[in-house]
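So the structure is just underneath, and the comments pick up after that.
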Amino acid sequence: MDDQTRMMTGLTGLGGLQQADVGDPDSVRKQQSLGQPQQDIGDILQQIMAITDESLDEAQARKHALNCHRMKPALFSVLCEIKEKTVLSIRGVQEEDPPDPQIMRLDNMLLAEGVSGPEKGGGSAAAAAAAAAAGGSPTDSSIEHSDYRAKLAQIRQIYHSELEKYEQACSEFTNHVMNLLREQSRTRPISPKEIERMVAIIHRKFSSIQMQLKQSTCEAVMILRSRFLDARRKRRNFNKQATEVLNEYFYSHLSNPYPSEEAKEELAKKCAITVSQVSNWFGNKRIRYKKNIGKFQEEANLYAVKTAVDAANVSAQASQANSPATPNSGGYPAPCYTPDGRL
DNA sequence: TGTCATGATTAATG
DNA sequence: CATTAATCATGACA
């Protein structure tokens, strides 16, 4: 503990003013009528003003002297009177401001990102959602997933330790100030409301510091997220087998290259990619095939042969079940077998 | 390093 | 909500 605390705890033992003395305005007159020179009050005020310039020991001694001074109750009651007059003007100033929308926004975001809130649940859920949205092959996404989670946990840890530090500092500081005020209340009148207000002011100050912490944490999460999303954009080609499966399906359903949801799921499973990736692939393939059929002719022939061979290899019953779609019923032009790849 | 291929994203559409 | 068309951003390769 520092000197300030020592000082305060040291002073608590000093004889204070009883509450009964506080509200007694007559005490001033009583004291004055006892013939004390007016100058005494000036001296006392002077000493109060000078108190901050003195060393702690000196101050303590002087405080003690002040508290024991016979004019002290008189001064105190004067201060009470003054206060009574001024407190009215202060009262209007103090009103509860609504919760800061900015800090609420930050809180919500931190909660949503799983930085604040319950220990693991939120974080992994957010990461999982992000990973699901990211797609990619299972191994890739799990790598990115754990990477993201590790980074998020790091941010989370820093955030919480900082927050704890701030909270501790805040309560420590509040305690100091309250002790100080309590101590001062022996010399000057301090209402509980005032202490309350002071505490509120301190909390506001600290919460603005906390907001900075929250803000920078949010920024860190955003950067992490954007990096993660960028990583998602980092295109990884599907493996050969996967594109083969997709192409096989595409060219064998050229008349209607729109796999059903079930078919997509099946393809996704076969290719070890997500359903949305299958959708992406078919979307891209359809549009690119349509745009330049000539370019895909060779590929089309290749897969037409492949499926033909497959069909031949499989028994007749299986091949019938495989292609329910009517061939060439108004879809994309069927491939033809010209060697130069032209229609 | 430039170019093409390719997976992902986005706005528009029905 | 699925799809199209355009576009982005990167991978692959010469």
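Letters go in sequence order (proteins before strands), and every chain restarts at 1.
Of the side-chain N and O atoms in A:K285, none sit less than 4.0 angstrom from OP1 or OP2 of B:dG7. Between A:N280 and B:dA8 there is a side-chain polar atom (N or O) within less than 4.0 angstrom of OP1 or OP2. Within the structure, a side-chain polar atom (N or O) of A:K290 is placed less than 4.0 Å from OP1 or OP2 of C:dA5. Neither OP1 nor OP2 of B:dG7 sits under 4.0 Å from any side-chain N or O of A:Q277. Between A:K291 and C:dT4, a side-chain N or O to OP1/OP2 separation shorter than 4.0 Å is absent.
With rounding to whole Å, A:F250 atom CZ is found 16 Å from B:dG7 atom C1'. In this structure, A:N256 places its CG atom 16 Å from P of C:dA2, rounding to the nearest Å. In this structure, A:F282 atom CZ and C:dT4 atom P are separated by 12 Å, rounded to whole Å. At whole-Å resolution of the value, CD in A:E299 and P in B:dT6 are 7 Å apart. Rounded to whole angstrom, the span from the CG atom of A:L246 across to the P atom of B:dA5 amounts to 18 Å. Straight-line distance from the CD1 atom of A:I287 to the C1' atom of C:dT3: 9 Å, rounded to whole Å. Rounded to a whole Å, the CG atom of A:L267 is 16 Å from the C1' atom of B:dG7.
Residues that satisfy the ring-ring contact (aromatic ring centres under 6.0 Å, His included) test with A:F296, not counting sequence neighbours, are A:Y289. Partners of A:Y159 under the ring-ring contact (aromatic ring centres under 6.0 Å, His included) rule, at least two apart in sequence or in another chain, do not exist in this structure.
For A:R286, the listed nucleotide lying nearest its side chain is C:dT3; candidates were C:dT3, B:dG7, C:dA5. Here the side chain of A:N284 is nearest to one of C:dT4, B:dT9, B:dA5, namely B:dT9. Picking from B:dG7, C:dA5, B:dA5 the nucleotide with the shortest atom distance to the side chain of A:R288 gives B:dG7.
With hydrogens and angles disregarded, no donor-acceptor distance shorter than 3.5 Å links the side chain of A:S207 to the backbone of A:Q210.
Note on A:K269 versus A:E266: no salt bridge recorded, every NZ/NE/NH1/NH2 to OD/OE distance being 4.0 Å or above. For A:K285 and A:E299, the salt-bridge test passes: some basic side-chain N is under 4.0 Å from an acidic carboxylate O.
DNA chain C is contacted by both A:P259 and A:N237; A:P259 maps to the nucleotide lying nearer its 5′ end (nearest heavy atom per residue).
Within the nucleic acid shown, A:F238 comes within 4.0 Å of sugar-phosphate atoms alone, with no base atom in reach, counting heavy atoms only.
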